[in-house]
Amino acid sequence: MNDLVRAAGCVLWRGLRDGTPEICLIHRPKYDDWSFPKGKLKQGEDPLTAALREVHEETGHTCTPGPRLATVLYIAKGRPKEVTYWSARSTGGTFTPNKEVDRLTWLSPAEAESWLTHPLDKPLIRSFLATGGAAGD
């Protein structure tokens, strides 16, 4: 698959609210969608490094990676795209709206699942909860 587009991202979360982690979703005006921070790998970049870079670029947050969650495969612009995700705890930062991402919100897992635009993203919430991604907070 020479035309495979490789990307990586994170289910970014922060401290517990009423015993539940808050999950970060971003809004991309170009696609008018709500999703997790993610993006294409740069040449020679490993997926986890790309995921952490994309979180910082799109949310302004630094983070500590947790368990690998899943790899999602779909067709984008006629090409296969593979996105590998990790759980990642925010260690702080400040979001600044930009051309690529104009809004950011923190939601409970149930709220986040209902806000996600793409059905393939929704199982990542369940995977995050199943791995105990927010354990030890």
Side-chain angles (χ1 to χ4, degrees):
M1 280 185 150
N2 290 350
D3 59 347
L4 176 68
V5 176
R6 296 184 66 222
C10 292
V11 174
L12 182 66
W13 65 277
R14 68 180 181 187
L16 304 177
R17 178 183 66 182
D18 300 327
T20 304
E22 291 183 306
I23 294 175
C24 175
L25 295 184
I26 58 169
H27 181 263
R28 302 178 305 166
K30 180 178 179 179
Y31 303 105
D32 190 24
D33 68 353
W34 286 97
S35 64
F36 300 111
K38 66 179 179 299
K40 295 176 191 166
L41 276 63
K42 293 181 178 180
Q43 186 169 357
E45 189 175 39
D46 69 89
L48 180 56
T49 300
L52 301 178
R53 176 182 52 77
E54 286 291 338
V55 165
H56 189 259
E57 288 177 4
E58 294 186 344
T59 71
H61 284 251
T62 55
C63 59
T64 301
R68 183 172 169 201
L69 298 177
T71 298
V72 178
L73 185 62
Y74 57 96
I75 302 297
K77 297 179 184 175
R79 295 175 62 193
K81 186 170 186 176
E82 173 186 271
V83 186
T84 303
Y85 288 93
W86 281 264
S87 167
R89 182 176 187 203
S90 172
T91 54
T94 303
F95 172 69
T96 303
N98 58 68
K99 185 179 174 184
E100 190 176 346
V101 178
D102 64 348
R103 287 183 278 167
L104 177 149
T105 191
W106 294 93
L107 302 165
S108 72
E111 291 169 320
E113 189 171 344
S114 72
W115 277 50
L116 285 165
T117 302
H118 305 286
L120 289 174
D121 289 343
K122 294 177 187 283
L124 290 164
I125 299 280
R126 292 183 287 276
S127 179
F128 166 77
L129 293 171
T131 64
D137 184 50

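Counting from 1, the numbers follow the sequence of the chain as shown.
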Whether the side chain of Ser127 engages the backbone of Pro123 through a donor-acceptor N/O pair (distance < 3.5 Å, no angle test) should be reported. no
What are the two closest heavy atoms between Arg28 and Ser35, and how far apart are they? NE-OG, 3.8 Å
Within-4.5 Å side-chain heavy-atom neighbours: Tyr85 and Asp121: yes
Using side-chain heavy atoms (C-beta onward) and a distance below 4.5 Å, is Leu116 in contact with Ile125? yes
Consider side chain to side chain contact (heavy atoms under 4.5 Å, CB included). Of Val11, Leu25, Val55, which one does Pro37 pass it with? Val55
Under a 4.0 Å threshold between the charged nitrogen and the carboxylate oxygen, would Glu113 count as salt-bridged to Arg126? yes
Relative to the ring of Trp13, is the ring of Phe128 parallel (under 30°), tilted (30 to 60°) or perpendicular (over 60°)? tilted
Value for CZ (Phe95) from SG (Cys24), rounded to nearest 0.5 Å, stands at 8.5 Å
Describe, in one word, how the ring planes of Trp34 and His27 are oriented to each other, choosing from parallel (under 30°), tilted (30 to 60°) and perpendicular (over 60°). tilted
Do Val5 and Pro80 have side chains that approach each other closer than 4.5 Å (heavy atoms only, starting at C-beta)? no
Is Leu12 close to Ile26 at the side-chain level, that is, under 4.5 Å between some pair of heavy atoms? no
One should read off an interatomic distance between Trp106 CH2 and Glu111 CD, to the nearest 0.5 angstrom, of 13.5 Å
Do side-chain atoms of Arg79 reach the backbone of Asp3 as a donor and acceptor pair under 3.5 angstrom? yes
Straight-line distance of Thr117 OG1 to Asp32 CG, nearest 0.5 Å: 7.0 Å
Using only atom types and a distance under 3.5 Å, with no angle test, would you say the side chain of Thr91 pairs donor to acceptor with the backbone of Thr62? yes
Start with the C-alpha distance between Glu54 and Lys38, add both sets of side-chain angles, then the distance that settles salt bridge (charged side-chain N to carboxylate O under 4.0 Å, His left out), and finish with yes or no. CA-CA 6 Å; Glu54 286 291 338; Lys38 66 179 179 299; over 6 Å; no
For a 4.5 angstrom cut-off between non-hydrogen side-chain atoms, does Thr131 reach Trp86? no
Enter the distance from Lys81:NZ to Lys40:NZ here, rounded to the nearest 0.5 Å. 6.0 Å
With a 4.5 Å cut-off on side-chain heavy atoms, are Arg53 and Lys42 touching? yes
Hey, what do you get for CZ (Arg89) to CZ (Arg14), rounding to the nearest 0.5 Å? 11.5 Å
Roughly how far apart are Asp102 CG and Thr96 OG1, rounded to 0.5 Å? 13.0 Å
Would you indicate whether the side-chain heavy atoms of Leu107 and Ile23 approach each other to under 4.5 Å? no
Heavy atoms, side chains only, cut-off 4.5 Å: are Cys63 and Leu52 in contact? yes
